[in-house]
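Let me begin by presenting the structure, written as C-alpha cells, before commenting on it.
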Protein chains: 2
Amino acid sequence: MPTQTAAQRRAAAKQAYNAYIAACPSRQLLATLGDKWVALVLVALGSGGARYADLARHIAGVSQKMLTQTLRVLERDGLVRRKVTAAVPVRVDYALTPLGRSLLPVVAKIKSWAETHMDRVLLARAEHDAKRPAQ
Amino acid sequence: MPTQTAAQRRAAAKQAYNAYIAACPSRQLLATLGDKWVALVLVALGSGGARYADLARHIAGVSQKMLTQTLRVLERDGLVRRKVTAAVPVRVDYALTPLGRSLLPVVAKIKSWAETHMDRVLLARAEHDAKRPAQ
DNA sequence: CGGCATCCAATGTGATACTG
DNA sequence: CAGTATCACATTGGATGCCG
C-alpha cells in the first residue's frame, strides 16, 4: 500500500505522457506553427529575404518583442537565417533556409484548406452560436 | 494637431490590423490547429467514432476540462458531431463530420513534414543551444 | 537600426470537487 | 458516464524605456 495512491499514479502517468507528447514530431511542429506570428513571418520571408524593419512593416500589428522572439525561435530551429552586416546603422537581413522553404508548401496546404473550407466553419460557428445566444 | 499622437495612431493601426488578421482564414485555422489538443482529437477520431471515455483514455494526458473544451470547439466549428444516446448511463459518441474529415489530409501533410524534417530542426536547435549553454 | 529588459494584463491550462 | 464549476498557476503578449 503506497502512502499516496491515485493522485501520485496519475501524476506519474502525466509525466510519462508529457514526455511522449513532447517527443511527438507533429506536436512540436504544430506548437511552432501555432505560434501567433510564425506563419506570418514564414510567408513574409517566402518571397525573399527582408530586413527587420521590412518585416515589422509588412506584418504590421506585430510588436517588436514578438517579432524578435519569433525570429529567434525560427533561427534556432534552422528555418531562418540571420545575417548581420556591420555598418554604421547596423543592417540585419533575414531569409529562409532551405529547410524553412521546405515548410512553405505545408503552410500553403493549410492556407488552401482554410480558403476553401473556412467559410463552412464560420457558418457552422454562427449557426451554433445562434442556438445559444445568451451563452 | 491631435492631442494624442503616436501612441494613439499605433493603437488605431493595431485595431485595424487585428481586425484584418482575425479575418484571415489561414490564421483562424492555425489558431484552431495550434490548440494543444485539437490535432490529437482529430487524429483520434480519424479512425472512426469514439465515446468520451475512449478519447480520454486514448489521448491519455488530457484533462477532462481540456478534452471537453476541445470537443466543444470542434463541434461548434462543425468539424465534430456529438451524438447523445439516452440510456441509464448516458452514452455520448463523437465522430468527425465530412468537413472534419476533409481536414485530415492537412494534418497528415503536417505530420509528414514533421516526421521528415523535424530531426533537422531538433539538430539545429541543439547546435544553436550548444553555442549558448549558459543561456 | 535593431534590438533587450522590465513590468503588467490577459489568456491558457490543469487539479479538484461536485452533479444529472 | 459525461460532464460542470471553481480555483490556482504558468505562459503569452504587449507597452515602455534603454542600449550598442
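This structure is a prediction, so every number in the text was calculated from the model and none was measured. Note on naming: letters A, B, ... go to the chains in the order of the sequence lines (proteins, then strands), and numbering restarts at 1 for each one.
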Worksheet item: Given C:dT13, C:dG3, D:dG3, which nucleotide is nearest the side-chain atoms of B:Q64?
Response: D:dG3
Fill in: Residue B:R125 excluded, over 12 heavy atoms near CZ under 6.0 Å
yes
Discussion item. Using heavy-atom distances to pick each residue's nearest nucleotide on DNA chain C, tell me which of A:R82 and B:D35 is more 5'.
Written reply: A:R82
Worksheet item: Between atom CE in B:M66 and atom P in C:dT11, what is the gap in whole Å?
Response: 15 Å
Practice prompt. To the nearest Å, give me how far apart CD1 (B:I59) and C1' (C:dT13) are.
Written response: 16 Å
Worksheet item: Once you round to the nearest 0.5 Å, how far does CG of A:L103 lie from NE2 of B:H117?
Response: 8.5 Å
Fill in: Within-4.5 Å side-chain heavy-atom neighbours: B:Y94 and B:K83
no
Worksheet entry | Value in whole Å for how far the C1' atom of C:dC4 lies from CD of A:E75 | 15 Å
Discussion item. Between B:Y52 and D:dT4, is there a contact of a side-chain N or O with OP1 or OP2 at under 4.0 Å?
Written reply: no
Discussion item. Nearest to the A:K36 side chain among D:dC1, D:dG14, C:dG14, which nucleotide is it?
Written reply: D:dG14
Worksheet item: Is there a donor N/O on one and an acceptor N/O on the other, under 3.5 Å, for the side chain of B:K65 and the base of D:dT4?
Response: no
Practice prompt. May I have the distance from A:R57 (atom CZ) to C:dG2 (atom C1'), rounded to whole angstrom?
Written response: 13 Å
Worksheet entry | Atom pair distance, as rounded to whole Å: CZ in B:R72 and C1' in D:dG3 | 7 Å
Worksheet item: Looking at side-chain heavy atoms only, is the closest gap between A:R82 and A:V92 below 4.5 Å?
Response: yes
Worksheet, complete the sentence: Whichever of A:T68 and A:V90 has the more 5' nearest nucleotide on DNA chain C, that residue is A:V90
Discussion item. Rounded to whole Å, how long is the line connecting atom CD of B:Q69 with atom C1' of D:dG3?
Written reply: 13 Å
Item to complete: Side chain of A:V92 only, please: which of D:dG13, C:dG3, D:dG3 is the nearest?
Response: C:dG3
Discussion item. With a cut-off of less than 4.0 Å, is there a side-chain N or O of A:R51 near OP1 or OP2 of C:dC1?
Written reply: no
Discussion item. I need the CG-C1' distance between B:L40 and C:dT13, as an integer number of Å.
Written reply: 15 Å
Discussion item. I'd like to know if B:D54 pairs up with B:R51 as an ion pair, taking the criterion as any Lys NZ or Arg NE/NH1/NH2 lying under 4.0 Å from an Asp or Glu carboxylate oxygen.
Written reply: no
Item to complete: Would you tell me if any nitrogen or oxygen in the side chain of B:R91 comes within less than 4.0 Å of OP1 or OP2 on D:dA2?
Response: no
Practice prompt. Mind calculating the distance between CG (B:L71) and C1' (D:dG3) to the nearest angstrom?
Written response: 11 Å
